[in-house]
There are 2 protein chains.
Amino acid sequence: MNNKELENTETEILNAAKEVFLQKGMAGARMQEIADKANINKALLHYYYRSKQLLFEAVFKSAFKLLAPQLNRVLNDDTDLFEKIRKFTENYVAFVIKHPYLPNFVIQELSKNPDFIQKLRAEKNFPTIDKFKIQVNEAIDKGIIKPIEAEQLFINIISLNIFPFIGEPLLMALVNMDKESYKKLLKKRKTEVSEFIINSIKI
Amino acid sequence: MNNKELENTETEILNAAKEVFLQKGMAGARMQEIADKANINKALLHYYYRSKQLLFEAVFKSAFKLLAPQLNRVLNDDTDLFEKIRKFTENYVAFVIKHPYLPNFVIQELSKNPDFIQKLRAEKNFPTIDKFKIQVNEAIDKGIIKPIEAEQLFINIISLNIFPFIGEPLLMALVNMDKESYKKLLKKRKTEVSEFIINSIKI
DNA sequence: ATGTGATTTAACTATTTGGTTAACAAATTT
DNA sequence: AAATTTGTTAACCAAATAGTTAAATCACAT
């Protein structure tokens, strides 16, 4: 066997599957396309991952494992609140550029299968809001920020960061920009979004 | 024929198709399910709408026709900027409660078929940002709001309003709430989101 | 009533698609 | 090196699914 590149067929398959599932979703993905992209026979897919469902679950879990640390960067990390918002915003853009379809995929498949979240919750490192909540309330008590529910602030942070990527095709048309200008606009958001948030909450 | 309810088969079909397509997307929708939901034979679908693709396009256009006026409420409407942001935010929640899957559907299908936006752009009433841009720049000149690009502000407004619905299953889990509490939180956003935005930009 | 076009149906077809089988090949153990 | 286990393939299968056909029925004008 040529162990230069094909060192690990299983990984090869998972990568191909990621590519296809992330772009087309569970319903739109085709096992044949995944096999082709992995340069293997379709039967081999079923040898490694017994069914489409199981392969999908492997992809989904792998995708979520990449996303979770990003979310934890806001939720469970005890740097200063403002600094944290700045860092998260800056890093998130870089993350999505590296994995353009990932957040959309996770959200999309979760909407179509809401029970799935239960399986994730059980896993180690599932992000929780507790620490963030304490931090926000402390900042309020100290008079650093205006009163706001931690949940609402968190949703605002996430929305402002994730949606411009998920809604890209729609937003691009609405603001009447081509791909290149829109990408520039997104890069500017690395700093603008955090300032927008901090402006709103700081006293 | 019982003309009480079945006054118009074509409309009956379109409604059933909307239900199915909006929830399952193009790839996940099944013609049989649409036929069942419309209480008709599958052949009748093809009698009225020749193919799945054409039926899908009818649904998509109809969906976008509902969404466009919502967007135009921010973009093309010459009430005061702050008042506009308040009104839009308040109305948008009501809109999504009435059409829960709609925004997600539009965005999702556009991501999977970005060329599709061209067809929409040609249509009457496609929202454009021009008017909003002028309004924002005037407000900046008058010293009412801090300098900000109109495009960025628009994206912020849309993101803060749409994403909490699209990302509902994920966000619900992250903030550790059940459906009921989350719905309450969303209702609170009717006023909180606009204050969050205005706080950030006002001088 | 009857002829005509629009509407509706049951039954069918072609294709796609997830999954299987059985045989072959390569690596590993004995 | 013989035997066994692991990896890989071509060919096949059954179910699902979009789409078709041809006949039946309805609405209604003549």
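Side-chain atoms are counted along with the backbone in the values below, which use heavy atoms only and exclude waters and symmetry mates. Letters go in sequence order (proteins before strands), and every chain restarts at 1.
- Under 4.0 angstrom from either OP1 or OP2 of dT6(D) there lies no side-chain N or O belonging to Y48(A).
- Take E168(B) and apply the side-chain contact (heavy atoms from CB on, under 4.5 Å) test, not counting sequence neighbours, and it matches M172(B), K179(B), Y182(B), K183(B), L186(B).
- Under 4.0 angstrom from either OP1 or OP2 of dT8(D) there lies at least one side-chain N or O belonging to T9(A).
- No side-chain heavy atom of I144(B) sits less than 4.5 Å from a side-chain heavy atom of E138(B).
- Between the C1' atom of dT17(D) and the CG atom of L55(B) lies a distance of 15 Å, rounded to the nearest Å.
- Taking atom CD of residue E33(A) and atom P of nucleotide dT17(C), one finds them 10 Å apart after rounding to whole Å.
- The side-chain hydrogen bond (donor to acceptor under 3.5 Å, both in side chains) check on Q53(A) picks up E57(A), with sequence neighbours excluded.
- With sequence neighbours excluded, no residue forms a side-chain contact (heavy atoms from CB on, under 4.5 Å) with N125(A).
- With sequence neighbours left out, the side-chain hydrogen bond (donor to acceptor under 3.5 Å, both in side chains) criterion links S181(A) to D178(A).
- Rounded to 10 degrees, the angle between the two end axes of the helix from dA1(C)-dT30(D) to dT30(C)-dA1(D) is 20°, with five pairs used at each end.
- Counting non-hydrogen atoms under 4.0 angstrom, Y49(B) reaches nothing in the nucleic acid.
- In this structure, the CD atom of E10(B) is 14 Å from the P atom of dA6(C), given to the nearest Å.
- Computed from coordinates, the M26(B) CE to dA18(D) C1' distance equals 10 Å when rounded to whole Å.
- In this structure, D36(A) places its CG atom 12 Å from P of dT17(C), rounding to the nearest Å.
- Looking at residues two or more places apart in sequence or on another chain, you find a side-chain hydrogen bond (donor to acceptor under 3.5 Å, both in side chains) between D36(B) and Q32(B).
- Summarising the geometry, the separation between OH on Y47(B) and P on dT7(C) is reported as 4 Å, rounded to the nearest angstrom.
- A straight line from CG of N8(B) to P of dT8(C) spans 10 Å, rounded to a whole angstrom.
- Distance CG (L44(A)) to P (dC24(C)): 18 Å, rounded to an integer number of Å.
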Show me the protein contacts with nucleotides 18-22 of chain C, counting only N or O atoms at under 3.5 Å.
from    : atom 1 : to     : atom 2 : distance (Å)
dG18(C) : OP1    : A29(A) : O      : 3.4
dG18(C) : OP1    : R30(A) : NH1    : 3.3
dG18(C) : OP1    : K52(A) : NZ     : 3.3
dG18(C) : OP2    : M31(A) : N      : 3.1
dG18(C) : N7     : K42(A) : NZ     : 3.2
dG19(C) : OP2    : H46(A) : NE2    : 3.3
dG19(C) : OP2    : K52(A) : N      : 2.6
dG19(C) : N7     : K42(A) : NZ     : 2.8
dG19(C) : O6     : K42(A) : NZ     : 2.6

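- Sorted pairs that involve residues 90-109 of chain B and meet salt bridge (charged side-chain N to carboxylate O under 4.0 Å, His left out), not counting sequence neighbours, are lacking altogether.
- Counting heavy atoms from C-beta outward, V136(A) and E149(A) have side chains that stay 4.5 Å or more apart.
- By the salt bridge (Lys or Arg N to Asp or Glu O under 4.0 Å) test, K24(A) is found to be paired with E33(A), residues two or more places apart in sequence or in another chain being considered.
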